[in-house]
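Here's the structure, in structure tokens; my notes come after.
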Amino acid sequence: MTGAFTVEPSTLIAIVAMALTTYATRVAGLFVHWRHAPGPAARAALDAIPPAVLIAVVAPMMLATGWPETIATALTALAATRLSLVATVAFGAACVVALRLALGG
Amino acid sequence: MRKDVADGVRDILPAMIAGAPIALLYGALAVGKGMTPVETSLSSLLIFAGGAQFAALELWRSPPPVLALAFSTLLINARHILMGASLKPKLGQFSPLQRMFGVFFMADENWAMSERRAAARALTPVYYLAMGVVFWANWGLWTTLGAIGGAFLGDPRRIGADFAFTALFVGLVAGFWKGRSTAVTVAASAIASAAAYRAFGPPWHVAAGALCGVGAASLYAMRGKG
């Protein structure tokens, strides 16, 4: 068993790459000079980045894994309109466990 | 000065409480993906961007795909550029060093609180940094506790934890919801990503879904004018 204090070089490289990328996005705003504010299409594109990326990451689980996962996603989306974030996660996990038992997955 | 520290901590406290279970979950899932507790803590302390960190775990394998991880991180955190640009005119009291150091702590929640503060009075470095540092330390602390606890969790699939990302991201997207435009984005992204995943495998699905989602949103905005 690897110890809790082990740091793999390849893991460290990945973490540092993500940290530098993130810092670059944070510091870049200090150097932005806009002649004029972004237009409606550019604005809509910028607003769409977080949901588009988040969904792109999990779409294989949502749509290309099996029926339990797809149905659980639909139920979770309904729950997300009324529950807190943490409650939504707990609900989603419970749904997928139940559906895998029921449908076999 | 002491008042500014107290105000900063008070303003960010609700976000710290809400963030604690999310950080616990991140820590537990990260060790489930094979990271050690120290690696997991380092990731939260150095990256300090929840959405990108969860996305990274979903793409995580051994050895880690560094370029795909950096690209996904860049896409998810691109919003910081806008946040920083919006905050910049309010940093009049900050020295250049305080600005460069201070933006490291800029997350959605404390950025929003700083914008709100700046609307009412001058934003001081003490207020901003006190808030940022406690919020950052909170994220790191709960991540570490989750990583230590998660090592005893066993098979994540048994309790549906492998589905936790999907549920979490669905919940996060609900928070970004801006009506039909978001629905168009989500549908385009989901279909393109799943198709690319089937056709080419990871990590291409992230770029395919992100580009199609963003493209669909801007097309919708142009056609929807009027």
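When reading the values below, keep in mind they use all heavy atoms of this one structure, side chains included, and skip hydrogens, waters and symmetry mates. All chains are named by letter (A, B, ...) in the order of the sequence lines, taking the proteins before the strands, and each is independently numbered beginning at 1. Just so we're clear, the structure is a prediction, and the values are computed from it rather than from any experiment.
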What residue in [options] has the most heavy-atom pairs under 4.5 Å with chain A?
options	result
Leu45(B), Thr182(B), Leu74(B), Leu211(B)	Leu74(B)
Ala55(B), Ala188(B), Ser193(B)	Ser193(B)
Ile148(B), Leu87(B), Leu168(B)	Leu168(B)
Ala217(B), Ala190(B), Ala52(B), Gly34(B)	Ala190(B)
Ala147(B), Pro64(B), Ala196(B)	Pro64(B)

Looking at every heavy atom in both [X] and [Y], which two are closest together, and how far apart are they?
X	Y	value
Ala52(A)	Thr185(B)	CB-CG2, 3.7 Å
Ile47(B)	Ile15(A)	CG1-O, 3.8 Å
Ile76(B)	Val53(A)	CG1-CG1, 2.9 Å
Met61(A)	Thr166(B)	CG-OG1, 3.1 Å
Ala14(A)	Leu69(B)	CB-CD1, 3.9 Å
Glu8(A)	Glu39(B)	N-OE2, 2.6 Å

Open item on the list: Tell me which of these, Thr88(A), Val7(A), Thr65(A), has more heavy-atom pairs under 4.5 Å with chain B than the rest.
Closed with: Val7(A)
Task: Pairs of heavy atoms under 4.5 Å with chain B: top-ranked of Ser84(A), Ala28(A), Ala72(A) - done: Ala72(A)
Chain B heavy atoms under 4.5 Å from [X]: which part of the residue, side chain, backbone, both or neither?
X	answer
Ala24(A)	neither
Leu12(A)	side chain
Val97(A)	side chain
Val96(A)	side chain

Below 4.5 Å from any heavy atom of chain A, which atoms of [X] appear? Answer side chain, backbone, both or neither.
X	answer
Met35(B)	side chain
Phe54(B)	neither
Arg198(B)	side chain
Leu67(B)	neither
Ala174(B)	side chain
Ser43(B)	both
Phe163(B)	both
Trp111(B)	neither
Leu25(B)	side chain

Main-chain N/O of [Y] paired to [X] side chain as donor or acceptor, under 3.5 Å:
X	Y	result
Thr76(A)	Ala167(B)	no
Arg26(A)	Phe104(B)	yes
Ser189(B)	Ala56(A)	yes
Lys178(B)	Ala44(A)	no

Could you tell me whether the side chain of [Y] reaches within less than 4.5 Å of the side chain of [X], counting heavy atoms only?
X	Y	result
Val86(A)	Ile22(B)	yes
His80(B)	Tyr23(A)	no
Leu91(B)	Leu30(A)	yes

Task: OG1 on Thr73(A) to CZ on Phe169(B), rounded to 0.5 Å - done: 12.5 Å
TODO: To the nearest 0.5 angstrom, please state how far the NE2 atom of His205(B) sits from the CG atom of Leu63(A).
DONE: 11.5 Å
Task: Exceeds 12 heavy-atom contacts within 6.0 angstrom, atom CH2 of Trp142(B) - done: no
Open item on the list: Can you confirm whether Trp67(A) is buried at CH2, in the sense that more than 12 heavy atoms of other residues, nucleotides or ligands lie under 6.0 Å from that atom?
Closed with: no
Task: Member of Thr73(B), Asn77(B), Val103(B) meeting the side-chain contact (heavy atoms from CB on, under 4.5 Å) criterion with Thr25(A) - done: Asn77(B)
